[in-house]
2 protein chains.
Amino acid sequence: MHEQLTKFITDRIQLSEADLQQVLSCFHLLITKKNEIIGRTGELSRRMFFVNKGCLRVYYIKPDGREATRRFAFENSFSTSLASFIGGTLLKEDTQAVEQSELLYIHREDFYSLLNTVPNWEKFYRGFLEHAYIINTSRLEDFITLNPRERYQLLLKENPQMVLRLPNKLVANYLNITQEALSRIKSGS
Amino acid sequence: MHEQLTKFITDRIQLSEADLQQVLSCFHLLITKKNEIIGRTGELSRRMFFVNKGCLRVYYIKPDGREATRRFAFENSFSTSLASFIGGTLLKEDTQAVEQSELLYIHREDFYSLLNTVPNWEKFYRGFLEHAYIINTSRLEDFITLNPRERYQLLLKENPQMVLRLPNKLVANYLNITQEALSRIKSGS
DNA sequence: CTGATTATTTGATCCGGATCAATAATATAG
DNA sequence: CTATATTATTGATCCGGATCAAATAATCAG
């Protein structure tokens with residue numbers, strides 16, 4: 001059950017067997033149904049998820065009820081509403097399992113206490129933060145430098161699985177355009 | 001010369017006097033002229049800046065030559081093209097002093113070697129990364145959830161100095177709209 | 001101080017993507 | 001398998017912000 005997570009961690013930092021076991025013991029299994037919501041705006045940010053199987057979607061809900069997708073997380077990636085997780089504050093976004101998923105989650109308190117008990121965990125967290133920052137900055141760059149068609153073409157090039165695997169509706173939302181607009185872009189008109 | 005920087009650091013982490021001196025000794029003064037460019041797209045990311053006085057602007061240059069501003073940094077904040085700084089890779093954006101500025105910079109190698117020599121520097125870096133992540137995510141949120149007028153109103157509310165201190169042209173660019181559009185928004189039409 | 005450059009404002013027009021609407025195609029539940 | 005709901009496509013229209021243009025105001029260099 002923990003193979004993928006073990007690989008993810010040991011690819012990034014060195015851990016003694018005891019430390020590894022301590023880390024793994026903090027993670028719990030969560031099986032979700034398709035479309036199940038596992039984090040809601042306004043709740044306290046309490047968990048960080050590792051995706052063993054399936055896909056998570058993190059999205060803002062606008063005042064008019066519409067959604068704006070910040071991120072998708074597929075197999076072998078971590079996902080949390082980090083901005084809230086850091087301070088243990090209220091969530092500003094929902095997290096939804098887009099597919100039937102198999103997740104491993106760690107509680108916020110456990111995550112941060114590992115920083116004190118496992119010597120290399122600080123380094124793991126550092127790498128995690130750096131990666132999260134880079135991903136987010138790249139996405140910000142896309143929005144301020146590209147138009148919708150260019151954003152789609154870039155996504156198709158850099159992350160084809162996302163276009164192939166997810167319904168158009170969600171891909172369009174991720175690109176911050178309507179599904180009608182995406183449909184027209186795809187048909188090349 | 002190092003008072004503001006000292007305060008910034010000691011507000012965030014505890015350091016022995018010796019450690020503090022070691023950290024400060026890594027920083028060098030740079031006085032810039034107005035509009036001087038201190039980091040260019042394509043160069044290696046080598047420095048991180050602390051703004052003692054003045055203002056930095058970090059912006060992408062699009063294929064057609066137009067610019068897209070990612071960030072402004074005013075007094076008492078750090079600024080670097082972090083995504084490139086982390087890996088020591090090529091810059092994807094320019095950094096420009098928008099005003100005559102007084103900066104303290106640290107070389108990338110020195111910054112990262114402090115992680116090994118100053119016990120609490122890892123914690124400082126962690127806080128830095130967390131803060132940078134939060135800022136960037138908030139900006140991404142603004143772009144995917146707000147329209148130009150709403151982005152301006154939020155900026156005026158949360159960061160009035162930016163609107164008051166910078167030329168409209170730059171504020172508009174930061175909001176990712178034209179200066180004509182900003183002018184019309186301001187005049188309330 | 002003065003001329004030249006740069007920034008701002010205002011107006012006219014244009015255009016990409018949103019919205020609204022109607023089918024058609026798929027997916028899902030029972 | 002079938003009925004129902006959801007998603008995708010296509011067309012018509014609309015609208016916010018871009019573009020282009022011109023006049024004014026503000027800055028800056030000498």
* Could you tell me from which nucleotide to which nucleotide of DNA chain C, 5' to 3', there is an atom under 4.0 Å from chain B heavy atoms? => C/dA7 to C/dA12
* **Interatomic distance where CG belongs to B/Asn168 and C1' belongs to D/dA25 [whole Å]** => 13 Å
* Whole angstrom is fine here: how far is it from CG in B/Leu170 over to P in D/dT27? => 14 Å
* **Nucleotide D/dG11, atom P - distance to CD of A/Glu180 in whole Å** => 14 Å
* Check the side chains of A/Asn168 and A/Gln179 for a donor-acceptor pair under 3.5 angstrom, ignoring hydrogens and angles. => no
* To do: Examine A/Phe50 together with A/Phe27 and report whether their ring centres are nearer than 6.0 Å.
  => no
* **salt bridge (Lys or Arg N to Asp or Glu O under 4.0 Å) pairs, two or more places apart, involving residues 117-136 of chain B** => A/Glu122-B/Arg126, A/Arg126-B/Glu122
* Position toward the 5' end of DNA chain C (nearest nucleotide), A/Asn176 or B/Pro167 -> B/Pro167
* When B/Glu141 is tested against each of A/Arg139, A/Arg71, A/Lys92 for salt bridge (Lys or Arg N to Asp or Glu O under 4.0 Å), which residue passes? -> A/Lys92
* Under-4.0 Å salt bridge between A/Arg165 and A/Glu99 -> yes
* Asked: When you look at NZ of A/Lys62, are more than 12 heavy atoms from neighbouring residues, nucleotides or ligands closer to it than 6.0 Å?
  -> yes
* Integer-rounded Å distance: D/dA8 P and A/Ile185 CD1 -> 14 Å
* Side chain of B/Lys34 only, please: which of D/dA8, D/dC28, D/dT10 is the nearest? => D/dC28
* **B/Gln179 CD to D/dA26 P, straight-line distance once rounded to whole Å** => 15 Å
* Let me know the distance between NZ of A/Lys169 and P of D/dT6, rounded to the nearest Å. => 9 Å
